[in-house]
2 protein chains.
Amino acid sequence: MYPETVILEEQGLRDGLQSETTLLPTAKKVELIHRLMEAGLKRIQVGSFVNPKLVPQMADTATVFAAVQQRPDVSLNALVLNTKGVERAIEAGFTHIAASISASDTHSRKNANKSLQEAMNEFENMVRTAKAAGMCVRGGLQCAFGCRYEGKIPVQRVIDLCKRHLDLGIDEIALADSTGMGNPRQMEDLMGEIVAMAGNIPVMLHLHDTEGKGLANLIAAMRVGVRHFDTAFGGLGGCPFIKGATGNIATEDTVYMLEEMGVRTGIDIAAIVNIAREMETILGKKLPGKIKNVLSTEK
Amino acid sequence: MYPETVILEEQGLRDGLQSETTLLPTAKKVELIHRLMEAGLKRIQVGSFVNPKLVPQMADTATVFAAVQQRPDVSLNALVLNTKGVERAIEAGFTHIAASISASDTHSRKNANKSLQEAMNEFENMVRTAKAAGMCVRGGLQCAFGCRYEGKIPVQRVIDLCKRHLDLGIDEIALADSTGMGNPRQMEDLMGEIVAMAGNIPVMLHLHDTEGKGLANLIAAMRVGVRHFDTAFGGLGGCPFIKGATGNIATEDTVYMLEEMGVRTGIDIAAIVNIAREMETILGKKLPGKIKNVLSTEK
């Protein structure tokens, strides 16, 4: 019923940090990426190519990437929201990008300054540009399970948008519960359909724990065949353009639960707990991940 | 696959408050119980009969109970840990008690000052005393899914103890993940067996969110037939005799998730959110429940 292994993609450097006002030095980001690779992460989103005035924390993504000592068994990617971002990613030397649009028109206008239709047109251009450069493209949908502005997103719209994404020749498809509004039943219903539709294309799920359902949703999606999940150390994260958005599911909590269930992640939990605790010191606040608190009391 | 309805038992007044050093006035507790009944809770644990020197917050349980305007459709119970507690509950007029022992010998010694064997003997005496007084007895096991001192609890021990409990003629059986160490796979494996073994006896599950798995565990247990869950407003709670123990799953988060999934609880979420927010003011701290934060941003 449960798989033997799952693959986690670390989002702490991008989704985790993007809303934080304490700017991490480039060297610290590079160090964290090295430590994450050492800890067993095989996929890491290292930053994004978005407007540096709106998201200053991500302004040094190209410099970070250039300084990382890459490993052949680890795939590093950057998030992009428009064709200019794709071009910047290509220039920086990335061979793997995550390009997504929002399933919610309102969120799309706030996050990408485009209507849903405009965003879809732009997405086609992004994929074309990236594929022409030989990139591996993770395509996807934000707010696939609900939007704080629009409420529920019609299931058929999500399926149609995923189908259009797949038809464009993307290499991987990711659905994001950006608001944490998704529930386990929705995960089972929708993700099962997406997995079936995607065929050999890997299906990824990006979960937030805003309403406390993050791990319940992960379990539900795992049951219907999802094998790739985004997580962030410490449970950091949240979109700057979503009301009340809070953290991604915490890498260390996810690893701990899965390993206890006999699902292998290949990730050294102690190393992630150390990073999460260090981030609490750097950012000067408690992070939402839980297992780090329990383990600390046992010291 | 999911049931049409589940029954939640509110634990905020007992498990929720027992470790809090801010003593709630008796009148406030009574008011909260009335509000919980009004909000649709059909089962409420209103307090406990334990050592008032060790757990001062519970010293007024008899007075609280006497002041409550009872309703025929709501069952109020008190927790007891020994025969003296049963006698105090009888004297106070309770007709429903929750009597449990720990599945962990070490936790039993710390929480009840008894070895596991001594606790089992005492439990038999408690059930005999309560049944002789015509009480409805909820029997159960604490730390059924793991212990901070002893680690994993052998599954066979839990099953054997449950069987002995059932043989004594208890009316309901409750398993508690007091430490939050349980995982969804364990819930599916163990709770399925307990449900089968219990037959017509209702099986209850008491979950803590210490490691962030609370709602994932609830979903897993619901899938194998559990229909009764303990929750606490705000996600308050934690045993004073368990290292690093944190809150119960939050009533309002649980209600919100279940209702979104089409599983009816009959509980007015706004009323519970109001109680949770008021408790944050009274106790002067942020409580772990999450949906209250999201709903507040939408005001």
Side-chain angles (χ1 to χ4, degrees), chain A residues 1-2 145-146 148-149 151-152 179-189 207-223 235 242-247 249-250 252-263 286 288-299, chain B residues 1-2 145-146 148-149 151-152 179-189 207-223 235 242-247 249-250 252-263 286 288-299:
Chain A
M1 183 180 74
Y2 292 113
F145 302 90
R148 290 284 164 217
Y149 309 103
K152 291 201 192 304
T179 59
M181 291 167 73
N183 67 58
R185 182 168 241 166
Q186 237 181 326
M187 294 295 151
E188 287 159 10
D189 293 348
L207 295 167
H208 281 257
D209 197 36
T210 315
E211 300 185 357
K213 290 169 291 185
L215 294 182
N217 285 339
L218 178 136
I219 297 286
M222 202 164 64
R223 293 178 66 95
I242 295 176
K243 280 193 291 186
T246 58
I249 51 173
E252 65 275 18
D253 291 3
T254 307
V255 170
Y256 195 84
M257 177 180 76
L258 290 174
E259 296 283 340
E260 287 276 310
M261 293 174 70
V263 178
K286 197 89 189 133
K290 298 202 164 192
I291 200 72
K292 65 182 158 48
N293 308 329
V294 179
L295 296 178
S296 70
T297 63
E298 287 177 341
K299 265 190 173 170
Chain B
M1 184 180 71
Y2 292 112
F145 302 91
R148 289 283 164 217
Y149 308 104
K152 290 200 193 308
T179 59
M181 290 167 73
N183 67 59
R185 182 168 241 166
Q186 239 181 326
M187 294 295 151
E188 287 160 10
D189 293 347
L207 295 167
H208 280 257
D209 197 36
T210 316
E211 300 185 357
K213 292 169 292 188
L215 294 182
N217 286 338
L218 178 137
I219 296 287
M222 201 163 64
R223 292 178 66 95
I242 294 175
K243 280 192 292 186
T246 58
I249 51 173
E252 64 275 20
D253 291 2
T254 307
V255 169
Y256 195 84
M257 177 181 76
L258 290 174
E259 296 283 340
E260 286 278 310
M261 293 173 71
V263 179
K286 197 88 190 134
K290 297 201 165 193
I291 199 73
K292 64 182 160 49
N293 308 328
V294 179
L295 296 179
S296 72
T297 63
E298 287 177 344
K299 266 188 172 171

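Owing to the predicted nature of the structure, the values given are computational and were not obtained by experimental measurement. The analysis underlying the following values was restricted to heavy atoms, covering all of them including side chains, and did not include hydrogens, waters or symmetry mates. Convention: sequence-line order gives letters A, B, ...; per-chain numbering from 1.
To the nearest 0.5 Å, the span separating CE on B/M261 from CE on A/M187 amounts to 10.5 Å.
When each of A/T210, A/T246, A/D209 is paired with B/K290, the side chain to side chain donor-acceptor pair (under 3.5 Å) condition holds for A/D209 and for no other.
Proximity to chain A (any heavy atom under 4.5 Å) is shown, for B/Q186, by neither the backbone nor the side chain.
Interface summary for chain B: among A/E260, A/R223, A/M257, the most heavy-atom pairs under 4.5 angstrom belong to A/R223.
A/G262 and B/R185 make their closest contact through CA-NH1, 4.1 Å (heavy atoms, listed as atom of the first residue, atom of the second, distance). The shortest heavy-atom contact between B/I219 and A/A216 is CG1-CB, 4.2 Å.
Remark: B/E211 pairs with A/Y256, A/I291, A/V294, B/R148, B/M181, B/K213 by the side chain to side chain contact (heavy atoms under 4.5 Å, CB included) rule, at least two apart or across chains.
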